[in-house]
Amino acid sequence: MNKKYLKMLTYGCQMNFSDAERMEGELEKLGYISTEDMAKADLIIINTCCVRETAEDKVYGKIGEVKGLKRTKPDLIFGITGCMAQKEGEHLIKRAPHIDFVLGTNKIHEVVSTVQKLEQSLTKHVVDTEINEAEMPENVSIHRKTALTAWIPIMYGCNNFCTYCIVPYVRGRERSRLPQEIIAEVQDAVKQGYKEVTLLGQNVNSYGKDNSKTTFAQLLQMVDQVEGIERVRYMTSHPKDLSDEVIEVIKTSKHICRHFHLPVQYGSNKILKAMNRVYTVESYKALIEKIRRAVPDSSITTDLIVGFPGETEEDFNELLEFLQEIRYDQAYTFIYSKRSGTPAAEMDNQVEDKVKHDRLNRLMELQNKISLEKNMQLNNSVLEVMVEGPSNNDEKVWSGRTDTNKLVLWPYNGHEKPGDIVNVRICQPQTWVLKGELE
Ligand code: SAH
Ligand code: SF4
Ligand code: F3S
């Protein structure tokens, strides 16, 4: 059989990266080998995200690039998968007829049969964006690409309908995988050499609520006990249903990381209500206090959106005060992006672009200051770091993460291997990284 090459481009969140690993694993059954080189590929798949307009713009740019390649290589097969595929469906092919297939977010296990049909020219185009919630992609091959952590989806979809967000429309309703399937996948990952897993879901705290057999706290306990596992992470937690049991399990477990990513999105009750986030500033603060009391040395990170419709200077100042009070280790900050079909897109008082950018800058300035102050407290301390490998910019400088998910860099000494735990003395804390030396 001739070698066939696959170029997969993935945008968006970890769930999309996990889907990509599954599609690549499945396509190996047809003889496809991954390549980084788009020009060499016989099959190109863009696995897309549509959470913000900027994510979509990038994809349209790439779709244009592939058009030229198809002209010189007519047998090239070109597909779009992921959230934009789900949202746009056949519109994508109307707009760009050089696309051969569009598969929605619930169809990753159909990538093999789809590509086969196209290889044999049994059909000209395939478009399938049906979301059948009973259908889950079990028993698929996985081509894992990460060095440090194995992505393990525990549930798909979202039921929360935050008013700005497109995800519930493109990922469907919440459905949980069976605990035994998850544990088996964790065990497989450990067998492959992974010492860390990250459990994925849009809202992991509601794991099991759709089939009410195992709660997220119980699942964490089960994963914590898998032999050979050293670190367990999970994302993302919705603050409205982070239970006391989960906090208790994290407090008492051996391997669950002391890192809470708890996206608050905003710091004023008026905006939180308009966003349909369900909690209040007060209940969120109480939750943070509870976490800090139970697990004092944990880190806490968040996501924030500025420029939501109706946001005034007064609201924004409330947000800044809120940040000063909570003092997150890190915050991922976004400018509100209007997503058609969501309630917030129809709201009056959309905020002007210039104002949004100005607020984002002020927000980042404050959070960067706080992040740096928090990291400065770690100066001169010795931290346990799981080795990932050479850093992006310098082969001689290696990187890894603490269990609180802080990125650490140190000069490579020739002996450490990915997955090892090393002790690093921090000597140069910065806003986004801690630089140090091996002890
Ligand atoms: N399920 C996860 C988030 C998935 S999207 C959660 O609820 O935490 C990741 C982040 O993108 C969100 O936390 C939010 O901060 C941001 N986001 C979602 N929709 C957005 C929009 N329309 N504009 C800007 N940021 C958005
Ligand atoms: Fe989007 Fe809200 Fe669901 Fe997160 S919880 S995916 S922000 S709707
Ligand atoms: Fe994007 Fe879909 Fe994830 S919209 S953020 S890839 S769930």
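Treat the numbers as computed from the prediction; the structure is a model and nothing was measured. Just so you know, residue 1 is the first one in the sequence shown, and it goes up from there. Counting starts at 1 for both ligands and their atoms, in listed order.
- Cation-pi geometry between Arg292 and Phe260 is not met at under 6.0 angstrom from the ring centre and within 45 degrees of the axis.
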Using a 3.5 Å cut-off and no angle test, enumerate the donor-acceptor pairs between side-chain atoms of residues 102-116 and protein atoms at least two apart in sequence or in another chain.
{"residue": "Thr105", "atom": "OG1", "partner": "Gln86", "partner atom": "OE1", "Å": "3.4"}
{"residue": "Thr105", "atom": "OG1", "partner": "Val170", "partner atom": "O", "Å": "2.8"}
{"residue": "Asn106", "atom": "OD1", "partner": "Arg175", "partner atom": "NH2", "Å": "3.1"}
{"residue": "Asn106", "atom": "ND2", "partner": "Asn132", "partner atom": "O", "Å": "2.9"}
{"residue": "Lys107", "atom": "NZ", "partner": "Glu130", "partner atom": "OE1", "Å": "3.4"}
{"residue": "His109", "atom": "NE2", "partner": "Glu135", "partner atom": "OE2", "Å": "2.9"}
{"residue": "Ser113", "atom": "OG", "partner": "Glu110", "partner atom": "O", "Å": "3.2"}
{"residue": "Thr114", "atom": "OG1", "partner": "Glu110", "partner atom": "O", "Å": "2.7"}

Could you give the N/O to N/O pairs under 3.5 Å linking ligand 1 and the protein, each with its distance?
{"residue": "ligand 1", "atom": "1 (N)", "partner": "Gln202", "partner atom": "O", "Å": "2.8"}
{"residue": "ligand 1", "atom": "1 (N)", "partner": "Gln202", "partner atom": "OE1", "Å": "2.9"}
{"residue": "ligand 1", "atom": "11 (O)", "partner": "Arg52", "partner atom": "NH1", "Å": "3.1"}
{"residue": "ligand 1", "atom": "13 (O)", "partner": "Gln265", "partner atom": "NE2", "Å": "2.8"}
{"residue": "ligand 1", "atom": "13 (O)", "partner": "Asp303", "partner atom": "OD2", "Å": "2.6"}
{"residue": "ligand 1", "atom": "15 (O)", "partner": "Gln265", "partner atom": "OE1", "Å": "2.7"}
{"residue": "ligand 1", "atom": "17 (N)", "partner": "Arg52", "partner atom": "NH1", "Å": "3.4"}
{"residue": "ligand 1", "atom": "22 (N)", "partner": "Tyr164", "partner atom": "O", "Å": "3.0"}
{"residue": "ligand 1", "atom": "22 (N)", "partner": "Ser337", "partner atom": "O", "Å": "2.9"}
{"residue": "ligand 1", "atom": "23 (N)", "partner": "Ser337", "partner atom": "N", "Å": "2.9"}
{"residue": "ligand 1", "atom": "25 (N)", "partner": "Arg52", "partner atom": "NH1", "Å": "3.2"}

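- Side-chain atoms of Ser237 do not come within 3.5 Å of backbone N or O of Pro239 as any donor-acceptor pair.
- At distances below 3.5 Å, at least one donor-acceptor pair connects side-chain atoms of Arg359 with backbone N or O atoms of Glu311.
- Here the CG atom belonging to Leu409 is positioned 8.0 Å from the CD atom belonging to Gln430, to the nearest 0.5 angstrom.
- Between Phe322 and Tyr328, the two ring planes are tilted [angle within 30° to 60°].
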>> Show, in sequence, the C-alpha distance, side-chain angles and deciding distance for Phe78 and His98, and conclude whether the ring-ring contact (aromatic ring centres under 6.0 Å, His included) test is met.
In response: CA-CA 7 Å; Phe78 179 34; His98 63 290; 5.5 Å; yes

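- The ring of Tyr169 has its center closer than 6.0 angstrom to the ring center of Phe161.
- Although no hydrogens or angles enter the test, the distance criterion places a donor-acceptor pair under 3.5 Å between the side chain of Arg401 and the main chain of Asn405.
- The shortest separation from a heavy atom of Arg171 to ligand 2 is not under 4.0 Å, leaving the residue out of contact.
- If you check each of Gln202, Arg339, Arg52 against atom 7 (S) of ligand 3, the one with the closest non-hydrogen atom is Gln202.
- A salt bridge does not link Asp37 to Lys7: none of the charged side-chain nitrogens sits closer than 4.0 Å to a carboxylate oxygen.
- Distance alone, capped at 3.5 Å, is enough to place a donor-acceptor pair between the Asp315 side chain and the Thr312 backbone.
- Remark: the backbone N or O of Glu53 is paired with a side-chain donor or acceptor of Ser337 at under 3.5 angstrom.
- Around atom 3 (Fe) of ligand 3, the protein atoms of type N, O or S that sit closer than 2.8 Å are Cys13 SG.
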> Does the pair Lys209 and Asp241 meet the rule for a salt bridge (charged side-chain N to carboxylate O under 4.0 Å, His left out), with working shown?
Replying inline: CA-CA 11 Å; Lys209 286 187 183 160; Asp241 34 29; 3.5 Å; yes

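- No side-chain heavy atom of Val197 sits less than 4.5 Å from a side-chain heavy atom of Glu185.
- The shortest contact between atom 7 (S) of ligand 2 and any protein heavy atom is with Tyr164 OH, 3.3 Å.
- The set of protein atoms (N, O or S) found at less than 2.8 Å from atom 3 (Fe) of ligand 2 reads Cys158 SG, by chain and number.
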